[in-house]
Amino acid sequence: MKRYPPISSKVPAFLHGADYNPDQWLQYPGVFEEDIRLMKKAKCNVMSVGIFAWTALEPEEGVYRFEWLDRVLDTFAEHGIYAFLATPSGARPAWMSQRYPEVLRVGANRVRNLHGRRHNHCFTSPAYRRHVTRMNTQLAQRYAHHPAVIGWHVSNEYGGGCHCPYCQEAFRSWLKAKYGTLERLNEAWWTAFWSHTYTDWSQLESPAPHGEQETHGLNLDWRRFVTDQTVDFCRHEIAPLRAVRSDLPVTTNFMLAYEGLNYRKFSDLLDVISWDSYPAWHEADDDSDVAAWISLNHDYFRSLKDGRPFMLMESTPSNTNWQPISKLKRPGMHLLSSLQAVAHGSDTVQYFQWRKSRGSSEKFHGAVVDHAGHEHTRVFQDVAQVGEALEKLKDVIGTSVQPEAAIIFDWENRWAVKNAQGPRNQAIKYEETIRAHYRPFWEAGVPMDVIDSESDFSKYKLVVAPMLYMVRPGVGERLERFVENGGTLVATYWSGIVDENDLCFLGGFPGPLRKVLGIWSEEIDSLYDRDSNRVIPKEGGVLPLGSEYRAAELCDLIHLEGAEALAHYGGDFYAGRPALTVNRYGQGKAYYIASRNDASFHADFYSALIREMGIRRTIGTELPPGVTAQLRTDGTTDYVFLMNFSGKEQTVALDGKSYTDVLTGEALPPQVKLGVHGIVIAARPSE
Ligand code: GLA
Ligand code: ZN
């Protein structure tokens, strides 16, 4: 069992705080002093400072104003408040855009943006990179050794791409480095189709709405390039910081399952992963669906660095102002959703933002300090309550989540499967499918890792790989070895279709997975929304299943090549053909789910599998629907987070072991009551 060091060696406590933008309030005397008083009242110990403060730091080129930041950080240090100091590159000063228009991003339509908004910079532009180096060097030299500074918050939510001439040139170099020759590129992209063969490197361009859009290999490579170029920009940002001091942790904040960047490529560069979570709570009476999706995201971000604790860098203490409907968090939800992050491995709870802006676009976004300006608000009290809870949870810091099961949610696969024109253009539903396969584990309180197909499978007992359409080189072999050595693999329809270039495997699907799965998929049927089929389990099959399930949307027509059928289709011209199979391979088993089935199938199938395989559940008891249990442990003490997202009161019957309520310090009764949005953190000795 592992216990990780705290994110900062200076703060052996949970980090609790917010984005802090005192630069917006410089003309308001007394606000800063009041903020310090309120931070202590709210039990906040960390602020992310300077995120969009470039103009406040450098009002004219080469003219720096650090006095305000000196004062903020010095006062923090006096009061035991710490800072993640930001580099301000998420937005630029107007003077820079005016003097160096090349810093502005060019859209896919090849039109250069005007100054405005944020995240609107070219990540290739030499001028922008120069300014970033200059600014970051100033910040590092002045503050890297400041007693209040415990880490770097690099930029803010990198995202999007730029199509300017610099980026086109960089893309061409990237392609040259990747393919070496145009012949190889043309082959990989299958450009003989529609006579799209490139005969000179200078003909290559990024995809455009008024140009090339349907060469899937190009689309894929462009997305890979955008990730690589953003990582390169991030590395460029970090270099001057590390040059001054190499031991300050560096992070950049990520966004919920953001499709535009393959975040995995950042993991080696960053010391700690952080992300910004803004779920739309209370859209339904029962929040389980949203909650399971947020849990999946926490698991994904934790898995980016192999289980190391991450940071919940932003969340709102009440509502956002950018969702279609900005509903307030109901009483209890703030504590529950904050500690949900902790349950999945976060060692921080942080917000956007500390004090509500007075004007501009985020003036109605939830914040710790309201426009009213004092602590006597519901939201402020909710935040203070989280602060108190985090103090009581201090022993949880650095503990780990050690799942025995993982689900593959692979970004390159995601890009490819959604880009392909295929059996269901209406919506191929990759993310929904991942959610559907994750959900039964969440309901059963089974901790999960969310990995990609490059990850190490050997530490798991079970790997679930829904819709693994793209199988990159080596992945099939590694999955084979995993099963051979005793692992269990679950794969589904629409897997093993293309290689890393989106070129179809020849000789039969699921290509490199065919041997381990012991099947051949000859065709896939796509159904209209009014259609369905039936999946009928074989009586006495290896897993106890119900008598019938509903299949819809996608039904794979497969042949057995060594696998055993566990269910067959009940209708249509393929009635009687296998719909669920298992292949015994080496010491392990590989299941194939041939059709897109309803939730009751996933619930039954995975709970049977969890039972059969003896996969570790957080607690050995039946959990009521909408209640999950997640585990953090250091090998001596287990912390069981019982969380009720069902929208109703629930009772959990504990499993006979003795538990202490970490928040109250009292022994827990055998029946634990969870209120609406209730959470109980129960500690027990580890086994
Ligand atoms: C993002 C940004 C913040 C703020 C919040 C609002 O996460 O990083 O600056 O705009 O959204 O929810
Ligand atoms: Zn550019």
Side-chain angles (χ1 to χ4, degrees), residues 102 104-113 121-126 128-129 159-233 259-262 264-265 410-423 425 428 453-454 469-475 496-507 509 511-512:
E102 66 164 79
L104 293 168
R105 202 169 268 193
V106 171
N109 61 1
R110 308 310 196 247
V111 175
R112 195 176 289 280
N113 292 350
H121 59 263
C122 167
F123 38 56
T124 311
S125 150
Y128 198 51
R129 287 186 174 221
C162 174
H163 299 255
C164 79
Y166 283 121
C167 289
Q168 301 294 350
E169 213 30 63
F171 182 42
R172 281 178 210 120
S173 308
W174 186 93
L175 291 169
K176 270 187 206 158
K178 176 167 182 185
Y179 293 105
T181 68
L182 270 182
E183 290 66 41
R184 270 200 227 119
L185 176 145
N186 280 314
E187 201 185 309
W189 291 3
W190 208 252
T191 51
F193 181 76
W194 287 348
S195 194
H196 282 192
T197 308
Y198 296 93
T199 52
D200 193 276
W201 290 101
S202 61
Q203 296 154 0
L204 286 154
E205 288 252 7
S206 59
H210 54 309
E212 189 62 279
Q213 255 187 325
E214 282 167 12
T215 300
H216 294 155
L218 162 64
N219 295 344
L220 257 174
D221 275 340
W222 173 251
R223 302 195 89 146
R224 289 174 174 136
F225 164 77
V226 169
T227 289
D228 285 359
Q229 198 68 351
T230 310
V231 171
D232 188 65
F233 183 78
E259 196 173 349
L261 292 172
N262 185 0
R264 239 160 245 288
K265 301 264 161 139
D410 185 291
W411 254 237
E412 294 201 358
N413 180 59
R414 183 182 186 190
W415 295 337
V417 77
K418 290 171 79 171
N419 192 222
Q421 293 142 285
N425 295 330
I428 193 74
S453 53
E454 315 283 336
Y469 164 82
M470 171 188 280
V471 180
R472 297 196 287 284
V475 173
I497 309 293
V498 302
D499 69 7
E500 76 280 17
N501 297 315
D502 206 46
L503 292 177
C504 292
F505 289 115
L506 302 178
F509 299 142

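When reading the values below, keep in mind they use all heavy atoms of this one structure, side chains included, and skip hydrogens, waters and symmetry mates. The model shown is predicted, which means the values in this text are computed figures rather than measured ones.
Of the possible polar contacts, none joining the R112 side chain to the V106 backbone as a donor-acceptor pair under 3.5 Å is found. For N186 (side chain) and L182 (main-chain N/O), a donor-acceptor pair under 3.5 Å exists by modelled atom type. Side-chain atoms of W415 come within 3.5 Å of backbone atoms of E259 as a donor-acceptor pair (strictly under, hydrogens ignored). Distance alone, capped at 3.5 Å, is enough to place a donor-acceptor pair between the N413 side chain and the Y469 backbone. The closest donor-acceptor contact from the side chain of R129 to the backbone of F123 lies under 3.5 Å. With T215 contributing its side chain and L218 its backbone, the two residues share no donor-acceptor pair below 3.5 Å.
What you find for P209 and N109 is that their closest heavy atoms are CD-N, 4.2 Å. Annotation for C122 and C167: closest pair SG-SG, 3.6 Å, computed over non-hydrogen atoms. Nearest approach of Q213 to A208, heavy atoms of both residues: CG-O, 3.3 Å. Shown here for D502 and A416, the closest heavy-atom pair between the two residues is OD1-CB, 3.9 Å.
With sequence neighbours left out, the salt bridge (charged side-chain N to carboxylate O under 4.0 Å, His left out) criterion links E205 to R110. Scanning for side chain to side chain donor-acceptor pair (under 3.5 Å) contacts around R224 gives D221, E412, with sequence neighbours left out.
More than 12 non-hydrogen atoms from other residues, nucleotides or ligands lie less than 6.0 angstrom from CH2 of W174.
Residues S206 and Q168 are in side-chain contact: their nearest non-hydrogen atoms beyond the backbone lie under 4.5 Å apart.
Just one residue in the list L220, I497, D499 forms a side chain to side chain contact (heavy atoms under 4.5 Å, CB included) with M470, and that residue is L220.
A salt bridge is absent between E187 and R184: the closest approach of a Lys/Arg side-chain nitrogen to an acidic carboxylate oxygen does not fall below 4.0 angstrom.
Relative orientation of the Y198 and W189 rings is perpendicular, given thresholds of 30° and 60° on the angle between their planes.
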